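Below: the structure, in structure tokens.
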Amino acid sequence: MTAPQILVADDLGQAGLDMLSEAGEVTLQTGLDEAGLREALRGKDALIVRSATKVTAGALEGADRLTVIGRAGIGIDNIDVDAATARGIVVMNTPHAGAVTTGELAIALLVSMARHIPAADQALKAGRWDKKQFTGVELTGKTFGVVGLGNIGRVVASRGVGLHMEVIAYDPYVTQDQAPEGVRVVSLNELCETSDFVSIHVPLLDATRHLFDRTRLESMKKGARLIHAARGGIVDDEALCDLLESGHLAQAALDVFEVEPPDVEHRLRKLPNVTMTPHIGASTKEAKENVSRDMASQIVTCLKRGVVLNGINVPRVDPATAALVAPYLDVTRDVSRFLASLFPGRIEAIRVTLQGQLLDRAADSVTTAAVSGALAAASEVPLTPVNAMAVAEKMDVRTYTESAAMKQDFQNLVRIELAVGGERHQASCTVFGHRHGRLIDLNGAMMDLIPEPPLMVTSHVDEPGTLGQIGLKLGELGVNIDRMSLAHPDLNESAMAIWNLTEDMTDEQVNAVRDLPVVNEALAIARAVR
Ligand code: 3PG
């Protein structure tokens, strides 16, 4: 197997680069435009970007084997996630590594704006000693409205409490009991109408584009001050200029802009009541190293073990659960593919039944794995956790997930049932010792099978010596057997053997086994392409 090819298209800290180099071959190519990125992506397994590189649908046309895009940072608006999803590519970010640093910049903007620190500094350095001009406002006791209580908003809100401000917050997904201590959750209207300072900490989404439009900015208390270190596009910059010019808003401190960098002639650059920084929210030594280390470790985990942490376009599973669940996903995918190969035909429905608390916590991921395996042969596009459910819907395959107690001997168990041509077939699987996936039941017959391809399945007469004949034939054909399992599922009185092999079999080799008089049918299941 060749080493994974990893393209790093923006600056990444050395610690992360070192980790990536241990796991694969790293190409560092920055400053790529769409065409350049398209070419650079050919033959790459993973791509890492910050915010500078735009990962467009056009660039992704070059992604002939890309499985994962890592955004070393938080905002993912420079990545066409829909285009990546359609290609089955996982998109992940590092939501925690830069949160404290970005929150601290918002607080720095709050304090330096309130005390005119940048302007005072400039004046003093220009030779003036002007105390009156720089009369500021005190923060203690002022109402501080934090919009968004995610990883960054929580840092900002708790620092606001530390500054003895009256902190209120708006977040449609956070209730009062989930808010940081000392923070009162209110509506966005109340926040805007009552806050002396407002700090924005929401991602840029369709729903948040121009969340602070002219009407919202006008609804802010007269003389209020705005801090914005989230994402350009959430605030209408032109409307903001008007309200700062009219004096409705006293000041703004901005780290992000609708167009970055803003035009040299942009009004914002000229307004004396605006403090500006060039999108440096995540730019501290510590955050850069943390982001680079987190992203490198997530990419390595994804490439090596197929475990997705902080995925944007895959079912979310917490990191502790993800590591425990990963072997269940592998065995579920293999068993589902095995079942679909054994009982070919159009799959009408896939029903996944889960037993055990661990699997309940990752129900969506397990279902997705079952669907990827079952439809692997029938799908026109390679299936991954990213696109499997959408492909199933397109192929008109119904999917169901339920929890049930099935076999008390097992703590965690997955049963996959396929409806094929009006019949139902099922197999159950589990993991022994945290790592070893096993198929333990096929259509009601107990088994102990490692369902990992390459495999050959034979149905044959149930007489002494039959297995010996098949084994001899495989030896003659030069096929190396790793392991063999027996079953007596409902196969018209035949016996069944499943042979774990070390290499994929050719069609000729399978035909030679099928031609044995004792063999009714032989079927090979090759290693998955992807
Ligand atoms: C982020 O979304 O993480 C910040 O905006 C930082 O972006 P950057 O990676 O370009 O510094």
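Every heavy atom of this structure was used, including side-chain atoms; hydrogens, water molecules and symmetry mates were not. Please read all numbers here as calculations on a predicted model, not as lab measurements. Just follow the structure's listing: the first ligand is 1, and inside any ligand the first atom is 1.
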Test: [X] and [Y] ion pair at under 4.0 Å:
X    : Y    : answer
D330 : R333 : yes
R269 : D263 : no
E380 : K394 : no
D196 : R225 : no

message: Do Q298 and D294 pair up side chain to side chain, a donor and an acceptor below 3.5 Å, judged on atom types alone?
response: no
field: Atom of S199, atom of A106 and distance for their closest heavy-atom approach
entry: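 For S199 and A106, the tightest heavy-atom pair comes out as OG-CB, 3.9 Å.
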- request: Would you please determine whether R231 falls within less than 4.0 Å of ligand 1 on a heavy-atom basis?
  value: yes
- prompt: Looking at ligand 1, does any of its N/O atoms fall within less than 3.5 Å of an N/O of A52?
  reply: no
query: ligand 1 versus R71, non-hydrogen atoms closer than 4.0 Å: side chain, backbone, both, neither?
result: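 Looking at R71 and ligand 1, just side chain atoms fall under 4.0 Å.
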Protein residue, atom and distance nearest to atom 2 (O) of ligand 1, heavy-atom basis: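 That would be G75 N, 2.7 Å.
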statement: min-distance protein heavy atom vs atom 5 (O) of ligand 1 -> H279 NE2, 2.7 Å
Residue [X] vicinity, atoms of ligand 1 by number, heavy atom under 4.0 Å:
X    : answer
S51  : 7 (O), 8 (P), 9 (O), 10 (O)
R50  : 8 (P), 9 (O), 11 (O)
G73  : 3 (O)
A282 : 6 (C)

